Amino acid sequence: MLPLLGGQHGGRSSMTCLYRCGNACDHPVPNTSANEYFGDVVAAEVSRRGLLQAAGAGAVVIGLAGTAVAATAEPVLAHGTSETQGWRHGHGPRPLTFTSVPPNRADAITVPDGYAQRVVIRWGDPVLPGAPAFDVHNQTVASQERQFGYNNDFVAVLPLDGHKEHCRSALLVANHEYTNEELIFPGFTGHDALTVEQLKIAISAHGLSIVEIERIGHSGAWRLVTHGRRPYNRRISALTTKFAVTGPAAGTASLKTAADPTGRKVIGTLNNCAGGVTPWGTILSGEENYNQYFVGADGAPAEAKESLARYGFATTTRYPSGSRKWDRADARFDLAVNPNEANRFGWIVEIDPTDPDSTPRKHTALGRFKHEAATIEIAKDGRAVAYMGDDERFDYLYKFVSHKKYRPGQRKHNLTLLESGDLFVAKLSYSSPESEIDGTGTLPSDGAFNGGGVWLPLVKDGVSKVPGMTVEQVLVHTRLAADKIGPTKMDRPEDVQPSPVTGRVYVALTNNTARAPGAKASADEANPRNNNKHGHILELIETHNDAAALTFTWSIPIVCGDPADPKTYFAGFDKTKVSPISCPDNLAFDPSGNLWISTDGNALRTPEGLSLNDGIFATPLSGPEAGHVKQFLSVPYGAEACGPVVTEDGRSVFVAVQHPGEIAGATVENPASRWPDGDFARPAVAVAWRPDGRPAGV
Ligand code: FEO
Ligand code: CA
Ligand code: CA
């Protein structure tokens, strides 16, 4: 096995940095706006003091809100439910009973004693009937179009039969965030040497897959259904699947190209990272680091370059680092020829997994940035609220509030909810004096990193709230628009997940090593560490616990890292009992309201300086166990842990194992990981369960 070379950024291998986000951390921070970093400006809409008093902030704010947010669910499939349902009705708090998995470097999924795990589906497994058996030495576009794509990140599990808690059949939805051609094609010698067929295989390996899975016996284990009609199975391919564009920017000049003069039809979706399941049963997926797929931004029109640079496109060179050079397969990836093609990615996409003939949609009303994901909460008046992070150093936290109201059971109506609404970006204010935030992670004298905040409007009631920008400009160039109104620069906002039990909203801020003392961007109370290698979790409570509120309070329950490090914080829990955790990324809840966290790029090291695997962790958020973070599993060598999903019956934990063995120097022939089959590395979705039949985790 290849040794794990030191990651360039945190715990990531340099190979992951290259292919995952085009070495984003090597480039200057795209946000060069002059926003203030310290919370001495509070938007006029709210008095910070009044806000904090109203919410009783000033102490560590963690625990059940007491008021569950009412959200009526509707059936997803004929008799099924979405992954968010059932949890609303709760199982009541249950402590986490498993024994923590110790940090390790195993080339395996490691689960606690008393648990089992197995692979459900892996890159190349059949999705559509007639898919050929996977042969790494004989890959074709035609086969990849029918097989599971590469590098799964988001996972959803949607019950297919009528038994919500003990369903025997379900749809598994997974996305395919990015490719690593060095680990896909045997004999890889460089992107210039790939054939056009190989380039198209890689494009096709992006997108999403929807497959039917079945429970094994009465256990918490699941397997892929490989026979029969499988009517829902679908490959959403970046090469061939047609998307419709909705919302105010659809059909505008910014989205028109020679190939699509309507500006309403886009081929494919790219770099789909995390996502969400809507209460009406559809899947939302975020287009994240799509900039890296394009070449020729240096040759784009001068007037386009400000926005291109703000989105991380390489505007001074034809080929960004690690360029896949897809322009050899399709000229739309050459911005010197098709500059508007860049504007057709960077959206939240919505897919209806129950209708394999439906056209997936890109919703411009939710803004364009490096979307990590979108998760839906229903406001007290019934409007649908989407929480969204823009995953870049010093970028922002957003939310969308639909104009129309969610109507339980009215599917056709609900499918239009994300096509029109208001868009906001978060500005946080701080309870402690700036002088008490020293950038080390030391708590201020009031005992908490906490404060208030306001949702600043970008577009409201169909009108731009950004001086000098039209609605079209705000939605297409959302980062530039937000820069003008002064939101809070965050440490890479990843997944944003409302608790289905309390309605409180949790934000994974994965890391930001560019925050530094003396620089323009030094620590603030909401991002309280300079050189933030390990990230933190932010809890946000909307005023009156209403997702449509314009103000909120926040606190930081967890400051990640080695619990022996004084720069960490675990809601005041005894740190000697806490698992080390680094770089929180995806968030989920179990039926008891425990928070589950997957990590990406574990920056912790063994005493010898060797990297440690990523994993899935869980922690209660209320009661005496609040902050007792425990590691539930670890993923194989070189991989990132994604998903996770804890099923409604609590008996199965799905994990997406993204980029196993992605270590600089690894190849198909000389792999750094041989997971899962002992030959070469294949990204896969796996499930962990308790053979004794009891719920997982609790
Ligand atoms: Fe694809 Fe923000 O991680
Ligand atoms: Ca404080
Ligand atoms: Ca992510």
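None of the values given here were measured: they were computed from a predicted structure. Atoms within a ligand are numbered from 1 in the order they appear, just like the ligands themselves.
Protein N/O/S atoms closer than 2.8 Å to atom 2 (Fe) of ligand 1, listed by chain and residue number, are Glu288 OE2, Glu372 OE1, Asp391 OD2, Glu494 OE1.
For the Ca ion (ligand 2), the count of nearby protein N, O or S atoms, meaning those under 3.0 Å away, is 7.
Every side-chain contact (heavy atoms from CB on, under 4.5 Å) that Asn291 has, sequence neighbours left out, goes to Asn289, Phe313, Lys370. With sequence neighbours excluded, the residues that form a salt bridge (charged side-chain N to carboxylate O under 4.0 Å, His left out) with Asp391 are Arg492.
Nearest N, O or S atom of Glu177 to atom 1 (Fe) of ligand 1: atom OE2.
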*Just do the salt bridge (charged side-chain N to carboxylate O under 4.0 Å, His left out) check on Glu662 and Arg20 with the steps written out, would you?*
CA-CA 10 Å; Glu662 189 167 64; Arg20 167 62 169 286; over 6 Å; no
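Judged purely by atom type and a 3.5 angstrom limit, Thr619 has no side-chain atom pairing as donor or acceptor with the backbone of Leu595.
With respect to Glu377 and Lys399, no salt bridge is recorded, no charged nitrogen being found less than 4.0 Å from a carboxylate O.
In this structure, Arg368 forms a cation-pi arrangement with Tyr311, its terminal cationic atom sitting closer than 6.0 Å to the ring centre and no more than 45° off the ring axis.
Checked options Thr510, Asn532, Thr513; the residue passing with Asp491 is Asn532 (criterion: side-chain hydrogen bond (donor to acceptor under 3.5 Å, both in side chains)). Here the rule is side-chain hydrogen bond (donor to acceptor under 3.5 Å, both in side chains) with Tyr396, and of Asp390, Asn31, Thr488 only Asn31 fits it.
In the model, Tyr178 has no side-chain atom that pairs as donor or acceptor with a side-chain atom of Gln292 under 3.5 Å.
Nearest heavy-atom pair across Ile581 and His534 is O-CB, 4.5 Å.
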